Visitor: 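Just dropping this structure here.
Remember, predicted model here, so these are calculated numbers, not experimental data. Values below: all heavy atoms of this structure, side chains included; hydrogens, waters and symmetry mates excluded. In listed order, ligands and their atoms are each counted from 1.
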Amino acid sequence: KQPVTVIGAGLAGTEAAWQIARAGVPVVLYEMRPVQMTPAHHTGEFAELVCSNSFGAKASDRAAGLLHEELRQLGSLVIGTADHHQVPAGGALAVDRGVFSHELTETLANHPLIDLRREEAPAIPQDGIVVLTTGPLTTPALATDLQRFTGMEYMSFFDAASPIVVGDSINLDIAFRASRYDKGDADYINCPMNKEQYLHFWQELCKAEQAELKDFDRETSKFFEACLPIEEMAKRGEDTMRYGPVKPVGLSDPRSENRPYAVVQLRQEDKAGQLWNMVGFQTNLRWGEQKRVFQLIPGLENAEFVRMGVMHRNTFINSPQLLDRTLQFKTRSTLLAAGQLTGTEGYTAATAGGWLAGTNAARLAQGLKPVWLPYTTMMGALFSFISSASPKHFQPMPPNFGILPPFPQKIKSKPERYGKYRDRSLSHLSSWRTRLEVRVPALTT
Ligand code: FAD
């Protein structure tokens, strides 16, 4: 059999390569790291989580959780590995990122049907079946070739990552362990602020110096709303952060037994609990300024930062104009794309795209018809959205219940409505699998 070429072993490419190989089709997998790094990745491992270590809410009546569950039912390698390497994170599926990526790398690198090439693919291969999964930081050479192939201008916008601090350097005489509304097992470290401390922090944050954005055009790019830098949020108003990442709801300081005025939360990064990620503190401040301003947060006065926040470019194609719901290009059915490059948003959505593009690439190689998922599933709704939204106003889309077809009768209660969405999705997915004989072998096969 002719091998399928997969370019980029991020979240989407890792899942795609695995699904193709598991179907018995050989794969040539290009990953340029560690020979050539991106501005956001730190290692040469596959499916590296560049910012948060969380795949989002676990509960299957939440949008992210439903997508996890659909992927589990479809035998996703990435979600299966995430399940194995979870760290405590309240109601979220968060992982020990080092172990998680290492295991995925080993699994793919040792697969007899996967031929791994640690080099950049500077252009789209002309022949054969190809899956593009090069993500938001696709190299300029490949981006230029993609631009030539599609004849379109790219859209780009800003995205940012939060700092990580050493757990031992957090002052636990001030900060306290708890989960919001006591969900989970006191999984977060919380830094409480009174009004005076908050206002001082807010003012300093607003005037802190930002790093230069050399390679982007500020005029034409936009911020990624879901990953807005904390300083940009601060500039939107005195209380904007208090309704966002530093909201105090569901938390009370065990020392005063009062609800603080604002709370900065830190989420565990690694299994050993040595590293803590500042939740929602994506930033583009200069590194010295990050240290100065974030050390004003009570409990972080002596915080040791192991990774400062960074900002980066995000690139995506105009999928509604270019892709089918099968993730094939309309003008070349042997070329498929998945992940952030197609305008889905987040780790789990990229994994889902990798599953579909990989499954369809394998089917094409086997002379079978490509498939698409029912619109009533989160995966089906997401790929339907990116392939049929208005091309003029297309913006990346995270998994959410708003893209699912509503029920004929209105269901007012949100928990009830989301529960029904979940039940409908999982039942339709199950009959779809039976109908199409989409078999899901165990992860080890
Ligand atoms: P990636 O995971 O980026 O994988 C693309 C791969 O392609 C990389 O390994 C890259 O090295 C490789 N590559 C690129 N070009 C070439 C080439 N020409 N040849 C060979 N290999 C190539 N999502 C979240 O859910 N939560 C977050 O907190 C979050 N924060 C982010 C912060 C930053 C700084 C960035 C950059 C992104 C963030 N995202 C976050 C979005 C995140 O990138 C995606 O959710 C996810 O990684 C997308 O998966 P992907 O497979 O599409 O791309």
Visitor: Strictly by modelled atom types, are E15 and T351 linked by a side-chain donor-acceptor pair under 3.5 Å?
Guide: no
Visitor: What about F100 and F55, are their ring centers closer than 6.0 Å?
Guide: yes
Visitor: Against heavy atoms of G346, which atoms of ligand 1 measure under 4.0 Å?
Guide: 23 (N), 24 (C), 25 (O), 45 (O)
Visitor: For ligand 1, which atoms have a heavy atom of Q340 less than 4.0 angstrom away?
Guide: 41 (C), 42 (C), 44 (C), 45 (O), 48 (C), 52 (O)
Visitor: For ligand 1, indicate whether the residue A350 contacts it via side chain, backbone, both or neither (heavy-atom separation under 4.0 Å).
Guide: side chain
Visitor: Using the salt bridge (Lys or Arg N to Asp or Glu O under 4.0 Å) rule, take R117 and E31 through it: C-alpha gap first, then chi angles, then the decisive distance, then the call.
Guide: CA-CA 6 Å; R117 314 235 173 123; E31 172 50 62; over 6 Å; no
Visitor: Please work out, at 4.0 Å between heavy atoms, whether the side chain, the backbone, both, or neither of A12 comes within that distance of ligand 1.
Guide: both
Visitor: We want to know whether K58 and Q86 form a side-chain donor-acceptor pair, criterion being a heavy-atom distance below 3.5 angstrom.
Guide: yes
Visitor: Would you tell me which option among I7, T139, V78 has the nearest heavy-atom contact to atom 18 (N) of ligand 1?
Guide: T139
Visitor: Whether R33 and E45 form a salt bridge (side-chain N of Lys/Arg under 4.0 Å from carboxylate O of Asp/Glu) is what I want to check.
Guide: no
Visitor: Between P122 and ligand 1, does any nitrogen or oxygen pair lie at a separation below 3.5 Å?
Guide: no
Visitor: Which of the numbered atoms in ligand 1 are under 4.0 angstrom from any heavy atom belonging to V50?
Guide: 31 (C), 32 (C), 33 (C), 35 (C), 36 (C), 37 (C), 38 (C)
Visitor: Under the 3.5 angstrom rule, does the side chain of T134 hit a backbone N or O of T138 as a donor-acceptor pair?
Guide: no
Visitor: Need the ligand 1 atom indices (1-based, order shown) with element for anything under 4.0 Å from a heavy-atom of C51.
Guide: 27 (C), 28 (O), 29 (C), 30 (N), 31 (C), 32 (C)
Visitor: If hydrogens are left out, which of T43, L146, T138, T134 has an atom nearest to atom 5 (C) of ligand 1, that is, the closest non-hydrogen atom?
Guide: T134
Visitor: When rounded to the nearest 0.5 angstrom, what is the spacing between OH in Y375 and OG in S425?
Guide: 15.0 Å
Visitor: Nearest 0.5 Å, please: how far is CG in N284 from CD1 in I230?
Guide: 13.5 Å
Visitor: Considering the heavy atoms of G339, write down every atom of ligand 1 situated less than 4.0 Å from one of them.
Guide: 52 (O)
Visitor: Hey, is T348 touching ligand 1 through its side chain, its backbone, both or neither, going by heavy atoms under 4.0 Å?
Guide: neither
Visitor: Nearest to atom 53 (O) of ligand 1 by heavy atom, G354, G309, G135: which?
Guide: G135
Visitor: Answer with yes or no whether E119 contacts ligand 1, where contact means a heavy atom under 4.0 Å from a ligand atom.
Guide: yes
Visitor: If you measure every N/O of Y347 against every N/O of ligand 1, is any gap under 3.5 Å?
Guide: yes
Visitor: With heavy atoms of P136 as the reference, note each atom of ligand 1 found under 4.0 Å away.
Guide: 3 (O), 43 (O), 53 (O)
Visitor: Ignoring hydrogens, just give me the one of T351, L11, L341 whose non-hydrogen atom is nearest atom 2 (O) of ligand 1.
Guide: L11
Visitor: For ligand 1, which atoms sit closer than 4.0 Å to a heavy atom of T133?
Guide: 5 (C), 6 (C), 7 (O)
Visitor: Need the ligand 1 atom indices (1-based, order shown) with element for anything under 4.0 Å from a heavy-atom of S52.
Guide: 28 (O)
Visitor: Under 3.5 Å, is there a donor-acceptor pair between the side chain of D324 and the main chain of T326?
Guide: no
Visitor: Measuring from atom 11 (O) of ligand 1, which candidate in E48, E31, H41 has the nearest non-hydrogen atom?
Guide: E31
Visitor: Taking salt bridge (Lys or Arg N to Asp or Glu O under 4.0 Å) as the definition, give me every residue that meets it alongside R177, ordered by chain and number, with sequence neighbours left out.
Guide: none
Visitor: Any side-chain donor paired with an acceptor under 3.5 Å for E48 and S101?
Guide: no
Visitor: Assess whether a salt bridge exists between R267 and D187, defined as any Lys/Arg side-chain N lying under 4.0 Å from an Asp/Glu carboxylate O.
Guide: no
